[in-house]
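Heads up, the thing below is written out as structure tokens.
Atoms considered below: every heavy atom in the structure, side chains included; atoms not considered: hydrogens, waters and symmetry mates.
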Amino acid sequence: MATPSPVWFERDPLELAPLLLGGVLRRADRAGAVAIRVTEVEAYRGADDPGAHSFRGRTARNATMFGPGGHVYCYFTYGMHHAVNVVAGPAGSGWGVLVRAGAVVEGAALALARRSARRASAPSGELARGPGNVAQALGATLADDGAALGGTTSDGAAWSFEPVAGFAPPGHRTGPRVGVSGPGGDATAFPWRFWLPGEPSVSAYRAAAPRRRSPAG
DNA sequence: CGGTCGATAGTCT
DNA sequence: GACTATCGACCGG
């Protein structure tokens, strides 16, 4: 099965998110191809979602989220990490699904090499555990922002996504999103994280940490 | 094991 | 100038 037509992605992220679970996200460039079977995602719902980048409207960074579904929204944060999202909904919605984790099913050696270039080695089962590691394993950078799934970027990176044939895999779980606080600091107000149980690549839950300021003076 | 904290820079107020 | 859809080293048990 190939990447579905763009229309397939143009649905509510709360509906699309579980459909992505178990599917295979793949990126290929000159260095080679890496593919992951998606095991954990989070839905971000634009203007209705205080935790979404797109909550306050379109900016230069989040412009891709406001484009049509079926594209890659890739951003850079914390001064060192990239993250990969699948844009959901029709153009203008600002909807997306963050790919938080996956099991590497192709190109494990390349994924490990990319990891080693920056940090020490990691257990192969955890090569794509956490959003930053997903992007690093796939080799995704800001140059991939706006890439069409099923297409190729101007830099020559080919992206594709193959969903599980037919339906979402049974038995997926839902819970609060990681590192996102809802109204009143309650992340459980938006339990929009979806994952496959029993997968070693699924990251542990971390609440949005109110990080302590450095001591005054 | 599990909790805590530093690194590091783009983005928005 | 504070905050961030984070990672991993480090420390104590």
(message) Measure CG/A:Asp145 against P/B:dT11 and give the value in whole Å, please.
(response) 10 Å
(request) Would you mind telling me which of C:dT4, B:dT8, C:dA5 lies closest to the side-chain atoms of A:Thr77? (result) C:dT4
(request) Measure from the side-chain heavy atoms of A:Asn133 and tell me the nearest of C:dA5, B:dT13, C:dC7. (result) C:dC7
(request) For the pair A:Phe76 and A:His82, name the ring-plane relationship: parallel under 30°, tilted 30 to 60°, perpendicular over 60°. (result) tilted
(message) Tell me if a side-chain donor or acceptor on A:Arg129 pairs with a main-chain N or O of A:Ala101 at a distance below 3.5 Å.
(response) no
(request) Using a 4.0 Å heavy-atom cut-off across all strands, classify A:Arg61 as base, sugar-phosphate, or nothing. (result) sugar-phosphate
(message) Base of B:dA9, side chain of A:Tyr78 - is there a donor-acceptor contact under 3.5 Å?
(response) no
(request) With the side chain of A:Tyr73 defined as its heavy atoms from C-beta on, choose the nearest nucleotide among C:dA5, B:dC12, B:dT8. (result) C:dA5
(request) Give a yes/no answer on whether the side chain of A:His53 brings an N or O atom under 4.0 Å of OP1 or OP2 in C:dA5. (result) yes
(request) Look at all strands and tell whether A:Gly51 reaches a base, only sugar-phosphate, or nothing, counting heavy atoms closer than 4.0 Å. (result) base
(request) Using whole Å, report how far CE of A:Met65 lies from P of B:dT11. (result) 15 Å
(message) When both hydrogen-bonding distances must be under 3.5 Å and the geometry is Watson-Crick or G-U wobble, what is B:dT8 paired with, if anything?
(response) none
(request) Classify the angle between the aromatic ring planes of A:His172 and A:Phe194 as parallel (below 30°), tilted (30 to 60°) or perpendicular (above 60°). (result) tilted
(request) Sticking with atom P, work out how far C:dA2 lies from B:dG6, rounded to a whole angstrom. (result) 16 Å
(request) To the nearest Å, give me how far apart CD (A:Glu126) and P (C:dT6) are. (result) 17 Å
(request) Would you kindly give the CZ-to-P distance between A:Arg56 and C:dC3, to the nearest whole Å? (result) 13 Å
(message) Measure CZ/A:Phe55 against P/C:dC3 and give the value in whole Å, please.
(response) 18 Å
(request) Have a look at A:Ile36 and tell me which of A:Val24, A:Val84, A:Val99 forms a side chain to side chain contact (heavy atoms under 4.5 Å, CB included) with it. (result) A:Val99
(request) Would you mind reading off the distance between A:Met80 atom CE and B:dT8 atom C1', rounded to a whole angstrom? (result) 4 Å
(message) Checking side-chain polar atoms at under 3.5 Å, does A:Asn62 have a donor or acceptor matched by the opposite partner on A:Ser54?
(response) no
(request) First locate atom CG of A:Asn133, then atom CG of A:Leu138, and finally report the distance between them rounded to the nearest 0.5 Å. (result) 11.0 Å
(request) Give a yes/no verdict on base stacking between C:dA5 and A:Tyr44: centres under 5.5 Å, planes within less than 30° of parallel. (result) yes
(message) Need the pair for C:dC11. Rule: Watson-Crick or G-U wobble, both distances under 3.5 Å, any strand; none if unpaired.
(response) B:dG2
(message) Less than 4.0 angstrom between a side-chain N/O of A:Arg129 and OP1 or OP2 of C:dC7, yes or no?
(response) no
(request) Check the distance between C:dT6's P and A:Glu40's CD and give it to me in whole angstrom. (result) 10 Å
(request) Grab the CZ-C1' distance between A:Arg115 and C:dG8 for me, whole Å please. (result) 9 Å
(message) Counting only side-chain heavy atoms from C-beta out, which of C:dA5, B:dG10, C:dT6 sits nearest to A:Asn85?
(response) C:dA5
